[in-house]
4 protein chains.
Amino acid sequence: MRTDTHTTVGVLRQAVADFVNDRDWRPFHTPKNLSMSIAIEAAELMERFQWLMPEEARAAVEDSTEQAAIADELADVIIYCLSLSNALDLDISSAVLSKLQTNESRYPADQFRGRFRRPERER
Amino acid sequence: MRTDTHTTVGVLRQAVADFVNDRDWRPFHTPKNLSMSIAIEAAELMERFQWLMPEEARAAVEDSTEQAAIADELADVIIYCLSLSNALDLDISSAVLSKLQTNESRYPADQFRGRFRRPERER
Amino acid sequence: MRTDTHTTVGVLRQAVADFVNDRDWRPFHTPKNLSMSIAIEAAELMERFQWLMPEEARAAVEDSTEQAAIADELADVIIYCLSLSNALDLDISSAVLSKLQTNESRYPADQFRGRFRRPERER
Amino acid sequence: MRTDTHTTVGVLRQAVADFVNDRDWRPFHTPKNLSMSIAIEAAELMERFQWLMPEEARAAVEDSTEQAAIADELADVIIYCLSLSNALDLDISSAVLSKLQTNESRYPADQFRGRFRRPERER
(Lines give C-alpha, C1' and ligand atoms only; values in the text may rest on other atoms or scores of the structure.)
Protein backbone atom coordinates (compact mmCIF):
# COMPACT_ATOMS: atom_id res chain seq x y z
CA MET A 1 0.00 0.00 0.00
CA ARG A 2 3.03 2.25 0.45
CA THR A 3 1.78 5.79 -0.21
CA ASP A 4 -1.89 4.80 0.06
CA THR A 5 -1.40 4.56 3.82
CA HIS A 6 -0.77 8.26 4.17
CA THR A 7 -2.41 9.83 1.09
CA THR A 8 -5.90 11.17 1.64
CA VAL A 9 -8.63 10.98 -0.98
CA GLY A 10 -8.79 14.76 -0.74
CA VAL A 11 -5.20 15.12 -1.92
CA LEU A 12 -5.93 13.02 -5.00
CA ARG A 13 -9.14 14.93 -5.70
CA GLN A 14 -7.24 18.20 -5.51
CA ALA A 15 -4.53 16.96 -7.89
CA VAL A 16 -7.21 16.02 -10.43
CA ALA A 17 -9.06 19.31 -9.95
CA ASP A 18 -5.84 21.26 -10.56
CA PHE A 19 -5.11 19.24 -13.69
CA VAL A 20 -8.59 19.88 -15.11
CA ASN A 21 -8.65 23.57 -14.16
CA ASP A 22 -5.18 24.23 -15.59
CA ARG A 23 -6.55 23.19 -19.00
CA ASP A 24 -9.95 24.85 -18.68
CA TRP A 25 -11.55 21.44 -19.13
CA ARG A 26 -14.40 21.91 -16.67
CA PRO A 27 -16.96 22.65 -19.42
CA PHE A 28 -16.20 19.24 -20.93
CA HIS A 29 -16.16 17.44 -17.58
CA THR A 30 -19.95 17.33 -17.23
CA PRO A 31 -21.36 14.50 -15.12
CA LYS A 32 -22.76 12.80 -18.24
CA ASN A 33 -19.44 12.96 -20.10
CA LEU A 34 -17.53 11.81 -17.03
CA SER A 35 -19.79 8.81 -16.56
CA MET A 36 -19.01 7.87 -20.19
CA SER A 37 -15.31 8.41 -19.57
CA ILE A 38 -15.30 6.14 -16.53
CA ALA A 39 -16.98 3.41 -18.59
CA ILE A 40 -14.55 3.89 -21.48
CA GLU A 41 -11.52 3.57 -19.23
CA ALA A 42 -13.08 0.59 -17.45
CA ALA A 43 -13.29 -1.12 -20.85
CA GLU A 44 -9.62 -0.45 -21.52
CA LEU A 45 -8.81 -2.02 -18.17
CA MET A 46 -10.92 -5.05 -19.09
CA GLU A 47 -9.08 -5.33 -22.36
CA ARG A 48 -5.97 -6.44 -20.45
CA PHE A 49 -7.87 -9.60 -19.47
CA GLN A 50 -10.13 -10.04 -22.51
CA TRP A 51 -8.79 -13.26 -23.98
CA LEU A 52 -6.91 -14.74 -21.03
CA MET A 53 -7.73 -18.12 -19.57
CA PRO A 54 -7.94 -17.90 -15.76
CA GLU A 55 -4.50 -19.43 -15.22
CA GLU A 56 -3.01 -17.05 -17.77
CA ALA A 57 -4.64 -14.08 -16.09
CA ARG A 58 -2.97 -15.17 -12.88
CA ALA A 59 0.43 -15.39 -14.58
CA ALA A 60 -0.06 -12.07 -16.36
CA VAL A 61 -0.52 -10.16 -13.14
CA GLU A 62 2.80 -11.49 -11.85
CA ASP A 63 4.57 -9.84 -14.77
CA SER A 64 5.84 -6.40 -13.83
CA THR A 65 5.33 -4.82 -17.27
CA GLU A 66 1.77 -6.08 -17.30
CA GLN A 67 1.26 -4.87 -13.72
CA ALA A 68 2.36 -1.40 -14.73
CA ALA A 69 -0.07 -1.43 -17.67
CA ILE A 70 -2.92 -2.49 -15.40
CA ALA A 71 -2.03 0.16 -12.82
CA ASP A 72 -2.06 2.72 -15.60
CA GLU A 73 -5.54 1.76 -16.80
CA LEU A 74 -6.88 1.55 -13.25
CA ALA A 75 -5.50 5.04 -12.62
CA ASP A 76 -7.50 6.34 -15.60
CA VAL A 77 -10.73 4.93 -14.20
CA ILE A 78 -10.05 6.42 -10.79
CA ILE A 79 -8.99 9.82 -12.15
CA TYR A 80 -12.38 10.19 -13.84
CA CYS A 81 -14.13 9.01 -10.67
CA LEU A 82 -12.28 11.71 -8.75
CA SER A 83 -13.21 14.30 -11.38
CA LEU A 84 -16.88 13.31 -11.13
CA SER A 85 -16.76 13.63 -7.35
CA ASN A 86 -15.28 17.11 -7.86
CA ALA A 87 -17.91 18.09 -10.44
CA LEU A 88 -20.73 17.02 -8.12
CA ASP A 89 -19.04 17.87 -4.83
CA LEU A 90 -19.55 14.29 -3.65
CA ASP A 91 -17.64 12.95 -0.68
CA ILE A 92 -16.11 9.67 -1.86
CA SER A 93 -15.08 8.34 1.54
CA SER A 94 -18.55 8.61 3.02
CA ALA A 95 -20.16 7.20 -0.14
CA VAL A 96 -17.84 4.19 -0.05
CA LEU A 97 -18.14 3.54 3.68
CA SER A 98 -21.90 3.96 3.68
CA LYS A 99 -22.26 1.64 0.67
CA LEU A 100 -20.18 -0.99 2.44
CA GLN A 101 -22.48 -0.67 5.43
CA THR A 102 -25.55 -1.21 3.22
CA ASN A 103 -23.85 -4.24 1.72
CA GLU A 104 -23.03 -5.56 5.21
CA SER A 105 -26.73 -6.07 5.89
CA ARG A 106 -27.57 -7.12 2.35
CA TYR A 107 -24.94 -9.87 2.40
CA PRO A 108 -24.63 -11.01 6.02
CA ALA A 109 -21.12 -12.39 6.46
CA ASP A 110 -22.27 -15.59 8.16
CA GLN A 111 -24.36 -16.57 5.15
CA PHE A 112 -21.30 -16.51 2.94
CA ARG A 113 -18.24 -17.31 5.03
CA GLY A 114 -16.91 -20.80 4.46
CA ARG A 115 -19.61 -21.63 1.92
CA PHE A 116 -17.94 -20.79 -1.40
CA ARG A 117 -21.07 -18.79 -2.14
CA ARG A 118 -20.73 -15.77 -4.31
CA PRO A 119 -22.60 -12.48 -4.30
CA GLU A 120 -25.64 -13.24 -6.42
CA ARG A 121 -26.41 -9.60 -7.03
CA GLU A 122 -23.69 -7.57 -5.39
CA ARG A 123 -25.31 -4.16 -5.68
CA MET B 1 -14.98 17.07 0.58
CA ARG B 2 -15.73 16.71 4.28
CA THR B 3 -14.32 13.29 5.24
CA ASP B 4 -12.23 13.01 2.07
CA THR B 5 -9.87 15.58 3.55
CA HIS B 6 -8.79 13.26 6.33
CA THR B 7 -9.54 9.74 5.02
CA THR B 8 -6.60 7.94 3.45
CA VAL B 9 -6.94 5.64 0.45
CA GLY B 10 -5.45 2.95 2.66
CA VAL B 11 -8.35 3.15 5.11
CA LEU B 12 -10.84 2.62 2.27
CA ARG B 13 -8.80 -0.24 0.84
CA GLN B 14 -8.76 -1.91 4.23
CA ALA B 15 -12.52 -1.53 4.66
CA VAL B 16 -13.07 -3.23 1.30
CA ALA B 17 -10.53 -5.97 2.07
CA ASP B 18 -12.31 -6.71 5.36
CA PHE B 19 -15.68 -6.85 3.65
CA VAL B 20 -14.40 -9.29 1.00
CA ASN B 21 -12.49 -11.46 3.45
CA ASP B 22 -15.41 -11.68 5.90
CA ARG B 23 -17.43 -13.38 3.13
CA ASP B 24 -14.60 -15.53 1.73
CA TRP B 25 -15.07 -13.81 -1.60
CA ARG B 26 -11.41 -13.59 -2.58
CA PRO B 27 -11.63 -16.60 -4.94
CA PHE B 28 -14.28 -14.74 -6.94
CA HIS B 29 -12.47 -11.40 -6.84
CA THR B 30 -9.99 -12.35 -9.53
CA PRO B 31 -8.50 -9.47 -11.55
CA LYS B 32 -10.48 -10.52 -14.62
CA ASN B 33 -13.78 -10.67 -12.73
CA LEU B 34 -13.05 -7.39 -10.97
CA SER B 35 -12.33 -5.63 -14.25
CA MET B 36 -15.75 -6.82 -15.47
CA SER B 37 -17.35 -5.65 -12.23
CA ILE B 38 -15.85 -2.18 -12.54
CA ALA B 39 -17.24 -1.94 -16.08
CA ILE B 40 -20.66 -3.21 -15.00
CA GLU B 41 -20.94 -0.66 -12.21
CA ALA B 42 -19.67 2.08 -14.52
CA ALA B 43 -22.57 1.27 -16.83
CA GLU B 44 -25.05 1.57 -13.97
CA LEU B 45 -23.61 4.97 -13.18
CA MET B 46 -23.99 5.98 -16.84
CA GLU B 47 -27.58 4.84 -16.75
CA ARG B 48 -28.42 7.80 -14.50
CA PHE B 49 -27.57 10.10 -17.44
CA GLN B 50 -28.57 7.89 -20.38
CA TRP B 51 -31.50 9.84 -21.80
CA LEU B 52 -30.96 13.27 -20.30
CA MET B 53 -30.48 16.37 -22.41
CA PRO B 54 -27.51 18.40 -21.12
CA GLU B 55 -29.68 20.97 -19.35
CA GLU B 56 -31.67 18.18 -17.71
CA ALA B 57 -28.51 16.47 -16.57
CA ARG B 58 -27.52 19.72 -14.92
CA ALA B 59 -30.89 19.95 -13.14
CA ALA B 60 -30.80 16.29 -12.14
CA VAL B 61 -27.55 16.65 -10.25
CA GLU B 62 -29.05 19.46 -8.17
CA ASP B 63 -31.71 17.09 -6.89
CA SER B 64 -30.65 15.52 -3.59
CA THR B 65 -32.34 12.13 -4.20
CA GLU B 66 -30.64 11.90 -7.56
CA GLN B 67 -27.33 12.98 -6.01
CA ALA B 68 -27.60 10.17 -3.49
CA ALA B 69 -28.30 7.66 -6.27
CA ILE B 70 -25.27 8.87 -8.22
CA ALA B 71 -23.08 8.73 -5.11
CA ASP B 72 -24.25 5.18 -4.57
CA GLU B 73 -23.34 4.06 -8.09
CA LEU B 74 -20.01 5.86 -8.00
CA ALA B 75 -19.25 4.12 -4.71
CA ASP B 76 -19.80 0.75 -6.39
CA VAL B 77 -17.30 1.58 -9.13
CA ILE B 78 -14.73 2.73 -6.59
CA ILE B 79 -15.25 -0.24 -4.28
CA TYR B 80 -14.32 -2.62 -7.09
CA CYS B 81 -11.35 -0.44 -8.00
CA LEU B 82 -10.19 -0.69 -4.40
CA SER B 83 -10.71 -4.45 -4.43
CA LEU B 84 -8.65 -4.75 -7.62
CA SER B 85 -5.85 -2.74 -6.06
CA ASN B 86 -5.99 -5.12 -3.10
CA ALA B 87 -5.97 -8.22 -5.30
CA LEU B 88 -2.93 -6.97 -7.22
CA ASP B 89 -1.27 -5.11 -4.36
CA LEU B 90 -1.26 -1.92 -6.44
CA ASP B 91 -0.68 1.44 -4.85
CA ILE B 92 -3.52 3.65 -6.08
CA SER B 93 -2.07 6.99 -4.96
CA SER B 94 1.18 6.55 -6.82
CA ALA B 95 -0.62 5.19 -9.91
CA VAL B 96 -2.92 8.22 -9.98
CA LEU B 97 -0.23 10.80 -9.31
CA SER B 98 2.17 9.28 -11.82
CA LYS B 99 -0.56 9.09 -14.47
CA LEU B 100 -1.39 12.76 -13.91
CA GLN B 101 2.28 13.55 -14.40
CA THR B 102 2.34 11.64 -17.70
CA ASN B 103 -0.75 13.54 -18.76
CA GLU B 104 0.87 16.84 -17.77
CA SER B 105 3.43 16.41 -20.53
CA ARG B 106 1.02 14.81 -22.98
CA TYR B 107 -1.43 17.71 -22.65
CA PRO B 108 0.67 20.80 -21.87
CA ALA B 109 -1.57 23.21 -20.00
CA ASP B 110 -0.68 26.21 -22.15
CA GLN B 111 -1.91 24.47 -25.27
CA PHE B 112 -5.36 24.10 -23.76
CA ARG B 113 -5.94 26.93 -21.28
CA GLY B 114 -8.31 29.58 -22.57
CA ARG B 115 -8.78 27.82 -25.91
CA PHE B 116 -11.93 25.78 -25.31
CA ARG B 117 -9.95 22.87 -26.66
CA ARG B 118 -10.78 19.47 -25.36
CA PRO B 119 -8.59 16.42 -24.75
CA GLU B 120 -8.57 14.74 -28.15
CA ARG B 121 -7.37 11.46 -26.79
CA GLU B 122 -7.16 11.85 -23.04
CA ARG B 123 -5.33 8.65 -22.24
CA MET C 1 -30.15 0.49 -46.05
CA ARG C 2 -28.75 -0.70 -49.38
CA THR C 3 -27.44 -4.24 -48.74
CA ASP C 4 -29.30 -4.57 -45.43
CA THR C 5 -32.53 -4.98 -47.40
CA HIS C 6 -31.39 -8.27 -48.89
CA THR C 7 -28.77 -9.60 -46.48
CA THR C 8 -30.02 -12.08 -43.92
CA VAL C 9 -28.73 -12.24 -40.36
CA GLY C 10 -27.79 -15.83 -41.13
CA VAL C 11 -25.37 -14.75 -43.85
CA LEU C 12 -23.59 -12.40 -41.44
CA ARG C 13 -23.48 -15.05 -38.73
CA GLN C 14 -21.92 -17.50 -41.17
CA ALA C 15 -19.30 -14.98 -42.28
CA VAL C 16 -18.29 -14.44 -38.65
CA ALA C 17 -18.30 -18.20 -37.93
CA ASP C 18 -16.00 -18.81 -40.90
CA PHE C 19 -13.65 -16.05 -39.78
CA VAL C 20 -13.42 -17.47 -36.26
CA ASN C 21 -13.07 -21.09 -37.38
CA ASP C 22 -10.38 -20.27 -39.94
CA ARG C 23 -8.20 -19.04 -37.09
CA ASP C 24 -9.12 -21.75 -34.56
CA TRP C 25 -10.39 -19.02 -32.25
CA ARG C 26 -13.40 -20.88 -30.90
CA PRO C 27 -11.65 -21.82 -27.62
CA PHE C 28 -11.17 -18.12 -26.92
CA HIS C 29 -14.67 -17.13 -28.01
CA THR C 30 -16.33 -18.33 -24.82
CA PRO C 31 -19.60 -16.64 -23.87
CA LYS C 32 -17.90 -14.87 -20.96
CA ASN C 33 -15.04 -13.56 -23.12
CA LEU C 34 -17.46 -12.53 -25.86
CA SER C 35 -19.63 -10.58 -23.43
CA MET C 36 -16.48 -8.71 -22.38
CA SER C 37 -15.54 -8.13 -26.01
CA ILE C 38 -18.96 -6.67 -26.84
CA ALA C 39 -18.61 -4.27 -23.91
CA ILE C 40 -15.06 -3.31 -24.91
CA GLU C 41 -16.08 -2.51 -28.48
CA ALA C 42 -19.16 -0.64 -27.24
CA ALA C 43 -16.81 1.58 -25.24
CA GLU C 44 -14.71 2.29 -28.33
CA LEU C 45 -17.87 3.30 -30.13
CA MET C 46 -18.79 5.61 -27.24
CA GLU C 47 -15.34 7.15 -27.41
CA ARG C 48 -16.30 8.79 -30.72
CA PHE C 49 -18.87 10.87 -28.80
CA GLN C 50 -17.12 11.18 -25.42
CA TRP C 51 -16.40 14.91 -25.31
CA LEU C 52 -18.81 16.27 -27.90
CA MET C 53 -21.47 18.79 -27.08
CA PRO C 54 -24.83 17.70 -28.57
CA GLU C 55 -24.63 20.13 -31.50
CA GLU C 56 -21.08 18.96 -32.23
CA ALA C 57 -22.17 15.33 -32.16
CA ARG C 58 -24.77 16.21 -34.76
CA ALA C 59 -22.15 17.87 -36.97
CA ALA C 60 -19.67 15.02 -36.48
CA VAL C 61 -22.04 12.42 -37.85
CA GLU C 62 -22.46 14.48 -41.05
CA ASP C 63 -18.74 14.15 -41.70
CA SER C 64 -18.01 11.18 -43.96
CA THR C 65 -14.65 10.28 -42.36
CA GLU C 66 -16.28 10.30 -38.96
CA GLN C 67 -19.21 8.27 -40.29
CA ALA C 68 -16.81 5.62 -41.56
CA ALA C 69 -15.08 5.49 -38.17
CA ILE C 70 -18.41 5.06 -36.39
CA ALA C 71 -19.51 2.36 -38.85
CA ASP C 72 -16.25 0.58 -38.17
CA GLU C 73 -16.72 0.59 -34.39
CA LEU C 74 -20.37 -0.40 -34.67
CA ALA C 75 -19.33 -3.31 -36.90
CA ASP C 76 -16.97 -4.53 -34.15
CA VAL C 77 -19.79 -4.57 -31.60
CA ILE C 78 -22.08 -6.44 -33.98
CA ILE C 79 -19.41 -8.95 -35.04
CA TYR C 80 -18.99 -10.04 -31.42
CA CYS C 81 -22.77 -10.17 -30.97
CA LEU C 82 -22.93 -12.48 -33.99
CA SER C 83 -20.12 -14.61 -32.59
CA LEU C 84 -21.95 -14.93 -29.27
CA SER C 85 -25.12 -16.00 -31.05
CA ASN C 86 -23.02 -18.62 -32.86
CA ALA C 87 -21.35 -19.82 -29.65
CA LEU C 88 -24.72 -20.23 -27.93
CA ASP C 89 -26.76 -21.17 -31.02
CA LEU C 90 -29.14 -18.28 -30.31
CA ASP C 91 -31.50 -17.04 -32.97
CA ILE C 92 -30.99 -13.28 -33.12
CA SER C 93 -34.05 -12.44 -35.21
CA SER C 94 -36.48 -14.11 -32.86
CA ALA C 95 -34.72 -12.69 -29.79
CA VAL C 96 -34.97 -9.16 -31.23
CA LEU C 97 -38.55 -9.46 -32.42
CA SER C 98 -39.75 -11.06 -29.21
CA LYS C 99 -37.96 -8.40 -27.11
CA LEU C 100 -39.64 -5.66 -29.14
CA GLN C 101 -42.98 -7.33 -28.46
CA THR C 102 -42.28 -7.38 -24.70
CA ASN C 103 -41.35 -3.70 -24.91
CA GLU C 104 -44.56 -2.96 -26.84
CA SER C 105 -46.62 -3.83 -23.77
CA ARG C 106 -44.13 -2.39 -21.29
CA TYR C 107 -44.12 0.97 -23.05
CA PRO C 108 -47.58 1.37 -24.63
CA ALA C 109 -47.19 3.70 -27.61
CA ASP C 110 -50.13 5.92 -26.64
CA GLN C 111 -48.52 6.75 -23.31
CA PHE C 112 -45.48 8.17 -25.06
CA ARG C 113 -46.51 9.45 -28.48
CA GLY C 114 -46.67 13.23 -28.67
CA ARG C 115 -45.65 13.67 -25.04
CA PHE C 116 -41.89 14.12 -25.28
CA ARG C 117 -41.69 11.43 -22.62
CA ARG C 118 -38.68 9.22 -22.65
CA PRO C 119 -38.28 5.57 -21.71
CA GLU C 120 -37.69 5.72 -17.98
CA ARG C 121 -36.27 2.27 -17.82
CA GLU C 122 -36.18 0.90 -21.32
CA ARG C 123 -35.38 -2.69 -20.49
CA MET D 1 -30.35 -20.26 -36.75
CA ARG D 2 -33.99 -20.93 -37.57
CA THR D 3 -35.44 -17.53 -38.49
CA ASP D 4 -32.01 -15.92 -38.92
CA THR D 5 -31.66 -17.84 -42.19
CA HIS D 6 -34.47 -15.93 -43.82
CA THR D 7 -34.72 -12.65 -41.86
CA THR D 8 -32.91 -9.71 -43.40
CA VAL D 9 -31.14 -7.08 -41.34
CA GLY D 10 -33.44 -4.57 -43.03
CA VAL D 11 -36.52 -6.22 -41.55
CA LEU D 12 -35.09 -5.95 -38.04
CA ARG D 13 -34.02 -2.34 -38.62
CA GLN D 14 -37.53 -1.48 -39.76
CA ALA D 15 -39.10 -3.16 -36.72
CA VAL D 16 -36.89 -1.07 -34.43
CA ALA D 17 -37.56 2.12 -36.42
CA ASP D 18 -41.32 1.55 -36.10
CA PHE D 19 -41.02 0.94 -32.37
CA VAL D 20 -39.05 4.15 -31.85
CA ASN D 21 -41.25 6.27 -34.11
CA ASP D 22 -44.48 5.01 -32.54
CA ARG D 23 -43.30 6.51 -29.24
CA ASP D 24 -41.77 9.69 -30.67
CA TRP D 25 -38.45 8.65 -29.19
CA ARG D 26 -36.25 9.85 -32.03
CA PRO D 27 -35.22 13.06 -30.20
CA PHE D 28 -33.79 10.90 -27.41
CA HIS D 29 -32.16 8.40 -29.76
CA THR D 30 -29.22 10.64 -30.61
CA PRO D 31 -26.00 8.89 -31.66
CA LYS D 32 -24.34 9.86 -28.38
CA ASN D 33 -27.21 8.53 -26.25
CA LEU D 34 -27.43 5.36 -28.34
CA SER D 35 -23.72 4.67 -27.96
CA MET D 36 -24.24 4.91 -24.18
CA SER D 37 -27.26 2.64 -24.38
CA ILE D 38 -25.34 -0.02 -26.30
CA ALA D 39 -22.63 0.05 -23.61
CA ILE D 40 -25.18 -0.10 -20.80
CA GLU D 41 -26.92 -3.13 -22.28
CA ALA D 42 -23.57 -4.77 -23.01
CA ALA D 43 -22.80 -4.47 -19.30
CA GLU D 44 -26.09 -6.15 -18.39
CA LEU D 45 -25.18 -8.98 -20.72
CA MET D 46 -21.77 -9.27 -19.03
CA GLU D 47 -23.47 -9.40 -15.66
CA ARG D 48 -24.79 -12.89 -16.53
CA PHE D 49 -21.16 -14.10 -16.50
CA GLN D 50 -19.65 -11.75 -13.89
CA TRP D 51 -18.78 -14.21 -11.12
CA LEU D 52 -18.79 -17.53 -12.96
CA MET D 53 -15.78 -19.77 -13.13
CA PRO D 54 -15.20 -20.96 -16.72
CA GLU D 55 -16.67 -24.40 -16.11
CA GLU D 56 -19.72 -22.83 -14.48
CA ALA D 57 -20.18 -20.45 -17.40
CA ARG D 58 -20.24 -23.48 -19.66
CA ALA D 59 -22.90 -25.18 -17.52
CA ALA D 60 -24.95 -21.98 -17.24
CA VAL D 61 -25.35 -21.64 -20.97
CA GLU D 62 -26.79 -25.17 -21.15
CA ASP D 63 -29.62 -24.12 -18.85
CA SER D 64 -32.64 -23.01 -20.85
CA THR D 65 -33.79 -20.32 -18.39
CA GLU D 66 -30.32 -18.85 -18.40
CA GLN D 67 -30.19 -19.08 -22.20
CA ALA D 68 -33.41 -17.11 -22.45
CA ALA D 69 -32.03 -14.45 -20.12
CA ILE D 70 -28.86 -14.16 -22.19
CA ALA D 71 -30.87 -13.98 -25.44
CA ASP D 72 -32.90 -11.19 -23.88
CA GLU D 73 -29.86 -9.13 -22.92
CA LEU D 74 -28.19 -9.74 -26.28
CA ALA D 75 -31.38 -8.58 -27.99
CA ASP D 76 -31.18 -5.29 -26.06
CA VAL D 77 -27.64 -4.66 -27.28
CA ILE D 78 -28.60 -5.43 -30.87
CA ILE D 79 -31.79 -3.34 -30.77
CA TYR D 80 -29.76 -0.25 -29.87
CA CYS D 81 -27.20 -1.11 -32.57
CA LEU D 82 -30.05 -1.26 -35.08
CA SER D 83 -31.41 2.05 -33.81
CA LEU D 84 -28.00 3.67 -34.20
CA SER D 85 -27.73 2.38 -37.76
CA ASN D 86 -31.16 3.92 -38.39
CA ALA D 87 -30.22 7.23 -36.79
CA LEU D 88 -27.07 7.47 -38.92
CA ASP D 89 -28.40 5.69 -42.00
CA LEU D 90 -25.53 3.20 -41.78
CA ASP D 91 -25.64 -0.05 -43.69
CA ILE D 92 -24.84 -2.76 -41.14
CA SER D 93 -24.24 -5.60 -43.58
CA SER D 94 -21.60 -3.75 -45.57
CA ALA D 95 -19.97 -2.42 -42.38
CA VAL D 96 -19.72 -5.95 -40.96
CA LEU D 97 -18.54 -7.60 -44.17
CA SER D 98 -15.98 -4.90 -44.88
CA LYS D 99 -14.66 -5.05 -41.30
CA LEU D 100 -14.25 -8.80 -41.60
CA GLN D 101 -12.29 -8.24 -44.79
CA THR D 102 -9.98 -5.77 -43.02
CA ASN D 103 -9.52 -8.30 -40.24
CA GLU D 104 -8.74 -11.04 -42.79
CA SER D 105 -5.55 -9.24 -43.78
CA ARG D 106 -4.77 -8.03 -40.27
CA TYR D 107 -4.96 -11.57 -38.86
CA PRO D 108 -3.92 -13.90 -41.70
CA ALA D 109 -5.57 -17.26 -41.04
CA ASP D 110 -2.39 -19.28 -41.54
CA GLN D 111 -0.63 -17.40 -38.75
CA PHE D 112 -3.28 -18.50 -36.27
CA ARG D 113 -4.75 -21.82 -37.42
CA GLY D 114 -3.57 -24.75 -35.37
CA ARG D 115 -1.41 -22.59 -33.13
CA PHE D 116 -3.70 -21.86 -30.18
CA ARG D 117 -2.75 -18.25 -30.74
CA ARG D 118 -5.29 -15.65 -29.85
CA PRO D 119 -6.04 -12.27 -31.42
CA GLU D 120 -3.61 -9.99 -29.64
CA ARG D 121 -5.44 -6.88 -30.63
CA GLU D 122 -8.52 -7.99 -32.48
CA ARG D 123 -9.63 -4.61 -33.78
Side-chain angles (χ1 to χ4, degrees), chain C residues 1-10 12-13 15-16 19 22-25 28 30-32 35-36 38-39 41-43 45-46 49 52 54 57 61 67 70-72 74-79 81 84-85 88 90-97 99-100 103 107 109 112-114 118-119 123, chain D residues 1-10 12-13 15-16 19 22-25 28 30-32 35-36 38-39 41-43 45-46 49 52 54 57 61 67 70-72 74-79 81 84-85 88 90-97 99-100 103 107 109 112-114 118-119 123:
Chain C
M1 284 215 200
R2 293 142 297 161
T3 63
D4 280 346
T5 53
H6 58 262
T7 309
T8 64
V9 178
L12 299 182
R13 284 182 56 178
V16 171
F19 182 85
D22 285 352
R23 282 151 191 79
D24 287 337
W25 278 352
F28 304 114
T30 64
K32 182 165 176 159
S35 74
M36 291 174 78
I38 293 169
E41 299 300 336
L45 175 60
M46 255 199 312
F49 304 103
L52 300 184
V61 299
Q67 272 206 5
I70 294 168
D72 213 57
L74 181 59
D76 283 334
V77 177
I78 294 173
I79 285 169
C81 288
L84 181 57
S85 77
L88 297 180
L90 285 179
D91 191 69
I92 285 183
S93 310
S94 26
V96 164
L97 295 172
K99 189 58 186 277
L100 285 176
N103 286 345
Y107 308 102
F112 292 90
R113 195 171 26 230
R118 81 219 58 193
R123 36 177 195 134
Chain D
M1 284 214 199
R2 292 142 297 158
T3 63
D4 280 346
T5 53
H6 58 263
T7 309
T8 64
V9 177
L12 297 182
R13 283 183 56 177
V16 171
F19 183 86
D22 284 352
R23 282 151 190 80
D24 287 338
W25 278 351
F28 304 115
T30 63
K32 181 163 176 161
S35 74
M36 291 174 78
I38 293 169
E41 299 300 335
L45 174 60
M46 253 199 314
F49 304 103
L52 299 185
V61 300
Q67 272 206 6
I70 293 169
D72 213 56
L74 181 60
D76 282 334
V77 177
I78 294 173
I79 285 170
C81 288
L84 181 57
S85 77
L88 297 180
L90 286 178
D91 191 69
I92 286 182
S93 310
S94 26
V96 164
L97 295 172
K99 189 59 185 275
L100 285 175
N103 287 345
Y107 308 102
F112 291 90
R113 196 171 26 231
R118 81 219 56 196
R123 42 182 190 127

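The sequence lines fix the lettering, A, B, ..., with proteins before strands; numbering per chain opens at 1.
Put simply, of D:Leu97, D:Asp22, D:Ile38, the one with the most heavy-atom pairs under 4.5 Å next to chain C is D:Asp22. The residue among C:Arg23, C:His6, C:Arg113 with the most heavy atom pairs within less than 4.5 Å of chain D is C:Arg23. Interface remark: of the candidates D:Ala42, D:Ala95, D:Ala109, D:Ala109 forms the most heavy-atom pairs closer than 4.5 Å to chain C. Between chain D and the residues C:Leu12, C:Thr30, C:Leu84, C:Val16, the largest count of heavy-atom pairs under 4.5 Å involves C:Leu12. Comparing C:Leu45, C:Leu52, C:Leu100 by heavy-atom pairs within less than 4.5 Å of chain D, the highest count is held by C:Leu100.
D:Ile70 places none of its side-chain heavy atoms less than 4.5 Å from the side chain of C:Pro31. Looking at heavy atoms from C-beta onward, C:Asp91 lies out of side-chain contact with C:Ser85 at the 4.5 angstrom threshold.
Of the two parts of C:Thr7, the backbone and the side chain both hold a non-hydrogen atom closer than 4.5 Å to a non-hydrogen atom of chain D. The part of C:Ile78 that comes within reach of chain D is its side chain, from C-beta onward, which places non-hydrogen atoms under 4.5 angstrom from that chain. In this structure, the portions of C:Leu88 lying under 4.5 Å from any heavy atom of chain D include both its backbone and its side chain. At a 4.5 Å heavy-atom cutoff, the contact between C:Val96 and chain D is made by backbone and side-chain atoms alike.
For the pair C:Asp72 and D:Lys99, the tightest heavy-atom approach, listed with the atom from each and the gap, is OD2-NZ, 3.2 Å. Contact between C:Lys32 and D:Phe49 at its shortest, heavy atoms only, is NZ-O, 3.3 Å. Smallest separation of non-hydrogen atoms from D:Gln67 and C:Leu90: O-CD2, 4.2 Å.
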- request: Dump the intermediate steps for side-chain contact (heavy atoms from CB on, under 4.5 Å) on D:Thr5 and C:Thr8, then the final yes or no.
  value: CA-CA 6 Å; D:Thr5 53; C:Thr8 64; 6.0 Å; no
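Listed for the D:Asp4 side chain is no donor-acceptor partner under 3.5 Å among the backbone atoms of C:Val9.
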